[in-house]
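What follows is a single structure, written as structure tokens, with notes after it.
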Amino acid sequence: MSYVNKELGEFMAGLRKRNPAEFEFHQAVEEVAMHVLPYIQDKPDYSKYRILERLTEPDRVIVFRVCWEDDLGNIRVNRGYRVQNNNAIGPYKGGLRFHPRVNLIMK
């Protein structure tokens, strides 16, 4: 096993432990990390300052509710999320998520 694969395995094990049951997130991070890790290893400061860990841990999470009335006059309440990941190179990107498959595992 190469050094990159070993480091990727250790990083992903920690990420999965901190974010259980977020399989789509695991997959997305692993795909990016595979390509970024060789570059990080060439720059000792990037490893020292744990850049990859910082990028995969959000700065803040905002959870909110949205109350609305459906076509039958029933009041509905849904939960929404705004995850702000990293503003190191500019304003936060992204938006609000309301899709039924979107969730946030609260620890």
Side-chain angles (χ1 to χ4, degrees):
M1 178 185 277
S2 75
Y3 180 74
V4 172
N5 289 340
K6 182 179 181 214
E7 190 166 329
L8 177 63
E10 291 172 2
F11 169 73
M12 289 304 301
L15 181 103
R16 287 184 183 104
K17 184 177 181 180
R18 289 188 310 275
N19 302 281
E22 295 185 38
F23 306 112
E24 291 156 339
F25 179 62
H26 303 162
Q27 179 183 355
V29 169
E30 187 166 18
E31 289 174 10
V32 172
M34 280 190 299
H35 298 288
V36 173
L37 265 173
Y39 183 77
I40 289 174
Q41 289 174 335
D42 288 343
K43 312 283 189 266
D45 281 349
Y46 291 178
S47 291
K48 177 182 173 184
Y49 292 111
R50 317 235 355 134
I51 296 300
L52 201 51
E53 288 82 353
R54 288 171 147 187
L55 290 173
T56 57
E57 197 62 37
D59 287 346
R60 71 183 56 84
V61 176
I62 302 164
V63 181
F64 56 94
R65 69 177 176 169
V66 178
C67 300
W68 55 282
E69 185 176 340
D70 68 16
D71 292 340
L72 300 175
N74 299 313
I75 301 298
R76 305 287 186 168
V77 179
N78 290 95
R79 186 176 297 151
Y81 308 97
R82 173 72 163 120
V83 178
Q84 296 178 327
N85 285 303
N86 189 296
N87 69 343
I89 59 172
Y92 293 105
K93 290 180 62 176
L96 306 176
R97 305 292 184 253
F98 296 103
H99 193 277
R101 287 189 56 210
V102 172
N103 62 43
L104 184 66
I105 308 292
M106 303 295 284
K107 297 175 194 144

[X]: what forms a side-chain contact (heavy atoms from CB on, under 4.5 Å) with it, not counting sequence neighbours?
X	result
Arg50	Glu53
Arg76	Trp68, Asp70, Asn74, Asn78
Gln84	Arg60, Ile62, Arg82, Tyr92

What pair of heavy atoms forms the shortest contact from Phe64 to Tyr81, and how long is it?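 So the two residues come closest at CE2-N, 3.5 Å.
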Write down the atom of His26, the atom of Ala21, and the distance for their closest heavy-atom approach.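 Heavy-atom minimum between the residues: CE1-N, 4.3 Å.
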Looking at Phe25, I'd like to know if its CZ atom is crowded, meaning that more than 12 non-hydrogen atoms belonging to other residues, nucleotides or ligands lie closer than 6.0 Å.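 More than 12 heavy atoms, drawn from other residues, nucleotides or ligands, come within 6.0 Å of this atom.
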Heavy-atom count check: over 12 atoms from other residues, nucleotides or ligands less than 6.0 Å from Tyr46 OH?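 Result for OH/Tyr46: open.
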CG of Leu52 to CD1 of Ile40: how many Å apart, nearest 0.5 Å?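 Reported to 0.5 Å precision, the distance equals 4.5 Å.
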What is the distance from atom CG of Asn19 to atom CD of Glu57, rounded to the nearest 0.5 Å? 6.5 Å
What residue pairs, at least two apart or across chains, pass salt bridge (Lys or Arg N to Asp or Glu O under 4.0 Å) with a residue in residues 38-48?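 Counting only pairs at least two positions apart or across chains, no salt bridge (Lys or Arg N to Asp or Glu O under 4.0 Å) contact touches residues 38-48.
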Looking at residues at least two apart in the chain, or sitting in another chain, which of them share a salt bridge (charged side-chain N to carboxylate O under 4.0 Å, His left out) with Glu69? none
Which atom pairs, one a donor and one an acceptor, fall under 3.5 Å between side chains of residues 29-38 and the rest of the protein, sequence neighbours left out?
residue	atom	partner	partner atom	Å
Glu30	OE1	Arg16	NH2	3.3
Glu31	OE2	Gln27	NE2	3.1

Shared hydrophobic cluster, Tyr39 / Leu55 (ILVMFWY, side-chain heavy atoms < 4.5 Å):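 As far as the 4.5 Å side-chain criterion goes, Leu55 and Tyr39 are connected within one cluster.
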